[in-house]
Protein chains: 2
Amino acid sequence: MDQDLPLLPTSEPEDNESAAGRRFRELHDEIRTRISLLDYPPGMRLSEGELAEEFGVSRTPLRRVLFQLQAEGLLKSVQGVGTLVTDIDIGALYQVYQLRMELSPLLARLSPRAVNQHDIKRFKWLHKKSQELTENPSARGYSEVNIATFHALVDFTTNIPLRETMERLFYQTARIWLKSLTDQDVKRECKSLRDEVRDYRDAVCLGDLDALAHIWRAHTSSSMTRIRQKPISQEG
Amino acid sequence: MDQDLPLLPTSEPEDNESAAGRRFRELHDEIRTRISLLDYPPGMRLSEGELAEEFGVSRTPLRRVLFQLQAEGLLKSVQGVGTLVTDIDIGALYQVYQLRMELSPLLARLSPRAVNQHDIKRFKWLHKKSQELTENPSARGYSEVNIATFHALVDFTTNIPLRETMERLFYQTARIWLKSLTDQDVKRECKSLRDEVRDYRDAVCLGDLDALAHIWRAHTSSSMTRIRQKPISQEG
DNA sequence: GTTTCGCATGATGTACACAACAATCTACTC
DNA sequence: GAGTAGATTGTTGTGTACATCATGCGAAAC
């Protein structure tokens with residue numbers, strides 16, 4: 001059953017996607033994942049040349065990817081210095097979370113689709129993964145399940161602008177969460193994520209999207225409160 | 001008084017903006033304006049080489065601008081063909097409008113700032129412009145006042161992600177409105193815009209941001225209804 | 001006359017060389 | 001020994017030549 005579902009979903013391909021377009025999307029998703037999983041932590045300096053060599057392309061197409069990630073707020077290029085993974089200050093983080101909390105309930109109101117058997121399987125699988133995570137906690141595993149759960153949630157709306165907006169905002173905040181947690185914190189957060197996914201699973205099994213959306217909102221609010229109470233280190 | 005206020009505001013510069021960053025922003029805003037005012041109507045084919053020559057740069061920095069506009073949904077590059085100004089189908093238009101209607105009320109709820117004398121002057125000026133427009137209606141003049149009014153509205157929230165999201169969605173739909181209107185339609189729409197701006201002005205003068213936001217929502221809803229009733233030509 | 005193949009043309013996509021710039025190390029001066 | 005100017009190194013930004021692709025025209029075959 002594990003092999004049936006991809007852990008980290010990526011952007012959806014267009015219908016008539018060119019070879020260049022597909023390569024762009026794959027590189028974009030790959031680097032975004034590395035940033036989100038803290039393989040590239042905030043403050044890390046990337047080199048266009050090294051990345052281009054690793055992926056077997058020249059700097060030109062790679063730079064397009066880095067520009068996109070810069071527009072999404074994940075990178076910042078400085079001439080003569082390098083391409084830096086961005087940090088985020090507490091004020092901006094708060095603003096993003098506020099907006100995410102307002103968008104969550106729209107999941108059930110803007111062009112929602114019906115819950116089907118595949119969704120139930122998907123959330124049961126996510127719950128299983130989060131359960132395994134509590135038995136073997138890790139920051140990386142937490143991020144993987146967290147990201148996969150997010151994609152499973154936004155998949156319920158067919159409103160494309162809403163999905164794209166939520167995705168953009170999610171990736172701006174997803175990685176900040178982890179960087180200053182102790183092992184004890186990670187263990188606690190993994191249990192919290194397990195309970196959160198369990199709530200989602202129960203709502204999905206009932207087919208109640210409105211409940212699902214508001215549970216999501218509640219957990220988003222809870223995350224924001226916990227982050228605000230914890231000091232954020234401002235350097236990477 | 002006319003010279004005090006710029007008609008078409010652009011993106012805000014960063015604090016430490018490099019020369020390349022400023023050039024990128026200026027080119028982006030310029031081309032986006034041309035698309036919004038239908039100087040580049042949907043379906044028009046642009047040439048990177050010609051644009052680069054016009055702006056006095058090489059294709060390389062210009063392509064970065066075009067990629068950004070492509071990510072915003074305003075352009076689409078096809079190898080061997082050219083860079084095409086996108087159209088939008090009625091379904092996508094409806095989805096964007098639905099989301100915009102949900103976001104409007106957030107203007108008064110997410111980090112709003114107080115109304116000051118400058119705002120009142122600004123909206124009185126916009127009302128004057130829209131009044132003049134009814135006496136000499138034009139599709140281009142309508143767009144200019146419409147865009148300027150939008151920027152005056154989103155200026156009331158200090159929540160940056162909200163502003164950026166609203167701006168992105170606005171420019172995806174702003175140009176569609178005009179392309180299939182007769183002279184009679186344009187005349188009617190200019191009067192409608194004048195009444196709309198008058199409502200905004202009155203709310204601003206009262207300092208009532210919540211009323212302003214919901215009036216905005218009502219007018220957005222009205223626009224969507226009128227668009228849905230009118231068939232959209234699907235070719236440029 | 002019709003169809004089809006091939007070439008010319010012009011577009012975007014890619015690679016690479018160089019310019020502009022910042023940080024660091026080094027050698028020289030005081 | 002401390003400080004400063006200059007060289008060096010490595011980075012991103014820009015320009016340009018070429019590759020790749022789609023389109024349209026035209027000539028040749030039927």
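When rounded to the nearest whole Å, the span between NZ of Lys76(B) and P of dA22(D) equals 13 Å. Rounded to whole Å, atom C1' of dG15(D) lies 18 Å from atom CZ of Phe55(B). We find that CD of Glu53(A) is positioned 11 Å from P of dT11(D), with the value rounded to whole Å.
Counting non-hydrogen atoms of neighbouring residues, nucleotides and ligands closer than 6.0 angstrom, the CD atom of Glu54(A) exceeds 12 such neighbours.
Legend: residues meeting ring pair (Phe, Tyr, Trp, His ring centres under 6.0 Å) with Tyr40(A), ordered by chain and number and at least two apart, are absent. Remark: Ser104(B) engages Trp216(B), Arg217(B), Thr220(B) in a side-chain contact (heavy atoms from CB on, under 4.5 Å) (not counting sequence neighbours). For Ser111(A), the side-chain contact (heavy atoms from CB on, under 4.5 Å) criterion is met by Thr158(A), Asn159(A), Gln95(B), Gln98(B), not counting sequence neighbours. Applying the side-chain hydrogen bond (donor to acceptor under 3.5 Å, both in side chains) criterion to Arg188(B), with sequence neighbours excluded, gives Asp185(B). Taking Phe24(A) as the reference, Arg64(A), Val65(A), Gln68(A) meet the side-chain contact (heavy atoms from CB on, under 4.5 Å) condition, with sequence neighbours excluded. Listed by chain and residue number, nothing satisfies the ring pair (Phe, Tyr, Trp, His ring centres under 6.0 Å) test with Phe67(B) (two or more places apart in sequence, or in another chain). In terms of the ring pair (Phe, Tyr, Trp, His ring centres under 6.0 Å) criterion, residue partners of Phe170(B) (sequence neighbours excluded) are, by chain and number, Phe150(B). Judged as a ring pair (Phe, Tyr, Trp, His ring centres under 6.0 Å), and not counting sequence neighbours, His28(B) has no contacts. The side-chain contact (heavy atoms from CB on, under 4.5 Å) search around Ser58(A) returns Thr60(A), Pro61(A), not counting sequence neighbours.
With hydrogens and angles disregarded, a donor-acceptor distance shorter than 3.5 Å links the side chain of Thr157(A) to the backbone of Leu110(A).
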Listing time: all N or O pairs from protein to nucleotides 16-20 of chain D that are below 3.5 Å?
{"unit_1": "dT16(D)", "atom_1": "O4", "unit_2": "Thr60(B)", "atom_2": "OG1", "d": "3.4"}
{"unit_1": "dT20(D)", "atom_1": "O2", "unit_2": "Gln79(B)", "atom_2": "NE2", "d": "2.9"}

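Remark on DNA chain C: of its neighbouring residues Val78(A) and Glu48(B), the 5'-side contact belongs to Glu48(B), judged by nearest-heavy-atom nucleotide.
Heavy-atom distances under 4.0 Å link DNA chain C to Ala20(A), Arg23(A) of residues 17-27 of chain A, given in residue order.
Using a 4.0 Å cutoff to heavy atoms of chain A, the contacted part of DNA chain C runs 5' to 3' from dG13(C) to dA22(C).
Using a 4.0 Å heavy-atom cutoff across all strands shown, Leu84(B) reaches no nucleic acid atom at all. The residue Leu66(B) sits apart from the nucleic acid: no heavy atom pair falls under 4.0 Å.
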